[in-house]
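Quick caveat: nothing in here was measured; it's all calculated off a predicted structure.
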Amino acid sequence: TGLGARFGSPLRRDELAAFIDGRRELPSHGTREMPAWGVRLYESYPQTPGTETVREGSVAMLVDYLDSVQRR
């Protein structure tokens, strides 16, 4: 609920998505030995031509949820 206070409001959706799916490292997260959520989400989808769209949609839903629970 404090992401907006820490990183600005409105949330920078593209940056938040990059943290979730592992494209951007977060020093406080620790080493890369602990997988980012994107890896877990991506493992669950079979490889098809539309897989990337589905994956991006899953991360987008997480970003939507995080935005909805921010203290305003």
Between Val59 and Ala17 the two heavy atoms that sit nearest each other are CG1-CB, 3.7 Å
Of all the heavy-atom pairs spanning Leu11 and Gln70, show the shortest one and how long it is.
CD1-CG, 4.0 Å
Mind checking what makes side-chain contact (heavy atoms from CB on, under 4.5 Å) contact with Asp64, not counting sequence neighbours?
Arg13
Atom pair CZ/CD of Phe19 and Glu15 - distance to nearest 0.5 Å
5.5 Å
Considering all heavy atoms, the nearest Thr1-Val69 contact:
CG2-O, 3.1 Å
Those residues that, when tested against Ser68, pass side-chain hydrogen bond (donor to acceptor under 3.5 Å, both in side chains) (two or more places apart):
none
